[in-house]
Amino acid sequence: MNINISNYIISSVIFKVNEKVFKNGVGGMSREAEQHRVNEIINEINNKEETIYKKSAGLKDTIINLRENFWDDVTVNLDEPDDVIETQASVKQQAELLIEREQLHGNMDKELKKLKKLKDSPYFGRIDFIENENENEKIYIGTSSLMDLEEENFLIYDWRAPISSLYYDYAPGKAQYETMDETITGEISLKRQFIIRQSNIISMFDTGLTIGDQLLQQALGDNASTTMKSIVATIQKEQNKIIRNERSDLLIVQGVAGSGKTSAVLQRIAYLMYRFRKELNANNLLLFSPNPLFSSYVANVLPELGEENIQQSTFYDFLEKRIEKGITIESPFSQMEYTLTEMDEKDYDSRLTNMTYKSSLDFKSLLDEYIFQLNYHGIRFRNITLHHEVLISKEQISDYFYSLEEISLPNRMEAVVTWLLHELRKSQKQEKDKDWVMEKVELLDKDEYLEAYHSSQQKDEENSSLEEEFLRKEVVKRHFAQIKKRVKRFDFVHVLVTYQEMFLNWETDQTPADWGKIRAHTAANLSQKFLTWEDATPYLYFKGRLLGDDSERSVRHLFIDEAQDYSAFQFAYIRHIFPYTRMTLLGDINQAIYAYATEDNPLIPATLEQNHEQITLTKSYRSTKQIVKFTKDFAPGEAVIESFERSGNKPKLIKLENKANRTDKVIAEIEELRNDGNETIAIICKTLKECDELYQKLQDKIVIRQITEQTYSFEKGLLILPIYLAKGIEFDAVIIPEVSAGHYAKESDRALFYTACTRAMHGLHMITSEEPCKFIKEAEPETFEVFHI
């Protein structure tokens, strides 16, 4: 059954049920009555829009007038000190008036945008709630709240309002919800869902009907979008727990592939911004996404809900901004590509050992021991020079640093900065009379000479030597300004060399058995100013402990997607750099593809000091039940995986007699999937190297776009990409062009293969010219179809 036919059947079932509902009425209100209410809401919105437009037009004229006549309305008098103060107050008052009017105009613009969205689909849900034997209240729920013209009664409740939780958490019957002050109890007598498009009710159904969650069925039957969609109309009870959690300092969400954990956390962000709108703004929240493509994919969700996008970054970008210029960092994708393609490289085993150890808390303990001994000796400093002459030697800096006792390393560094600036001021005075200064004076331009002349004339009209004095001071000041700037940045500390010393000359009894290989491998990279991905976080942690960390105190909430791919060291660093931040971790242990860096992964930690809660999502909504049944048998973990009742074709395994026919067969499968209604088809390869080879064969035969780690936008069509760049994204259909036993041979490949398969929403096609991999053999034979070509 193809997608379009499947959608047609679902829609037909809904229509037939609704036809009966609309004729007979449900819960005492027929379709005609519900449509009449929608029409009344649209009239109310139109009236509100007209009122706002009138106010906005008048306000816009006021703002234009204020801008044009700003200085006409300001009293400017600079003759006396009191007059200057009065002028400043007048300018400030006029500026504040202009800002106030502009903000008011901006709020009106936001309100108009909200009303425009509501006009198309004002709400998606209704509950009738009887509170403690009071009158039955009809509560309509939409993406935004709407009040009547008198601003007295709610016509629509925002989905984030406390009372709206009833819709997500309860079936008809006894129910309750929490307000800021109390728990409200009562009974839900009716729960109804709507599909409204262009102000018309397309479908409506009550929970008592036996055809399942039709609204969710329809949403999941759609084709993949270039951006993630809001799920406020289809939030499930378990997702609602994630969204509305306000208690936990650390919220851990373990969710199987396609369980909606990322969607839920984006709605959680919108909820928090609504719930704490006086305390939080977009700069107080930060999302770590798995790759730049994913950042583009989710960028539309918050604006769709009327909220400003929060800060987004990959963890790689976050680290790169904090590492000094001149040092290169390996990306996590390059590390992954290395582990999958360079097995024959002579230092491969040493590199894997390095990855595993540098990702552990054991290495953090070793690094802490090294940092502790730096309190007494070992920090490498740089000379402070001017024109290749040493002003303050590295030995002098070291002596002064280690003369300071009983204070932390960062505090000593700050004391050294103060001392150096004092010493530089003395050197600056001495340098003023040297010959090189006059040579630089002669190179000054005309404007600088005139400035010096006027300055000297103001001080002493008869003393021309002041002009030269001023110019000398100005030249020296400029040269020393750059030196002082570098001192304030701690450039006098050779952080990289000090870190390298740990692997060159430092001795301790706490090193692991393979320390010799690790130190040789690391020292060689550091000498090239290159940090492997496993070294990047430890280096920044070391730098922060040495110079002082820039703690991210402004970030109140941190959200980490694909948290299973963070190492124990990386998570410890995040806790270190965000000491006062609440965190939400999202992940799936079945998709832990960075196999050499997740031994002590903190996604499900055994013990945690902070207040934490764990929520597990077991139902997969992304893929059809046929794809879920196929993939659950070889899923890496032991977590329960449930499928949502949405049918489609079984996954397809194509066995080729001749490997040379693979390219033609890939094209044939693309055409078949397109004929079934799939718009976005992903060819997912194990590695970037495999992508490159297949892309070269396909690009002249079919329109195809290759996705790399530099790709920042997601577009519909035919795509080819490695598994590790597909994390967090879904496609209508997926083709895996090589699934042979030799290609997916290791146990560590299990998570990769599972991740590739679970990107598919509607169709999954796999191709091999050899014996299929062991993971396919672990699936029940009836869960997939085999075709011999």
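This structure is a prediction, so every number in the text was calculated from the model and none was measured. Note that the numbering runs from 1 along the sequence shown for the chain.
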### Message
Salt bridge check, Asp561 against Lys261: does any charged N sit closer than 4.0 Å to a carboxylate O?
### Response
no
### Task
Please step through side chain to side chain donor-acceptor pair (under 3.5 Å) for the pair Glu709 and Ser331, ending with a clear verdict.
CA-CA 9 Å; Glu709 63 178 289; Ser331 75; 3.1 Å; yes
### Task
Look at Arg380 together with Glu501 and state whether they make a salt bridge at an N to O cut-off of under 4.0 Å.
yes
### Query
Gln706 and Asp692: side-chain donor and acceptor closer than 3.5 Å?
yes
### Summary
Per side chain to side chain donor-acceptor pair (under 3.5 Å), Lys358 is matched among Thr522, Thr537, Thr532 by Thr522
#### Entry: Sidechain N-carboxylate O distance under 4.0 Å for Glu337, Lys689
no
### Message
Parallel, tilted or perpendicular, judged at 30° and 60°: which one describes the rings of Phe372 and Tyr376?
### Response
perpendicular
#### Entry: Geometric cation-pi criterion, Arg412 with Phe401: 6.0 Å, 45°
yes
### Query
Is there a donor-acceptor contact under 3.5 Å linking the side chains of Asp535 and Tyr499?
yes
### Message
For Lys543, is there an ion pair with Asp549 - N to carboxylate O distance below 4.0 angstrom?
### Response
no
### Query
Between Arg750 and Tyr754, is any side-chain donor less than 3.5 angstrom from a side-chain acceptor?
no
### Message
Please verify the inter-ring angle class for Phe578 with Phe288; under 30° counts as parallel, over 60° as perpendicular, anything in between as tilted.
### Response
perpendicular
### Query
Just by distance, do the side chain of Ser623 and the backbone of Val628 share a donor-acceptor pair under 3.5 Å?
no
### Message
Which label fits Phe363 and Phe569: parallel for a plane angle under 30°, tilted from 30 to 60°, or perpendicular past 60°?
### Response
tilted
### Residues forming a side chain to side chain donor-acceptor pair (under 3.5 Å) with Tyr370, sequence neighbours excluded
none
### Summary
The salt bridge (charged side-chain N to carboxylate O under 4.0 Å, His left out) partner of Arg351 among Glu342, Glu345, Glu534 is Glu534
### Message
Parallel, tilted or perpendicular: which one describes the rings of Tyr573 and His576, with boundaries at 30° and 60°?
### Response
tilted
### Task
Could you tell me whether Lys727 and Glu562 have a side-chain N and a carboxylate O separated by less than 4.0 Å?
yes
### Query
Charged N to carboxylate O under 4.0 angstrom, Glu507 versus Arg519?
yes
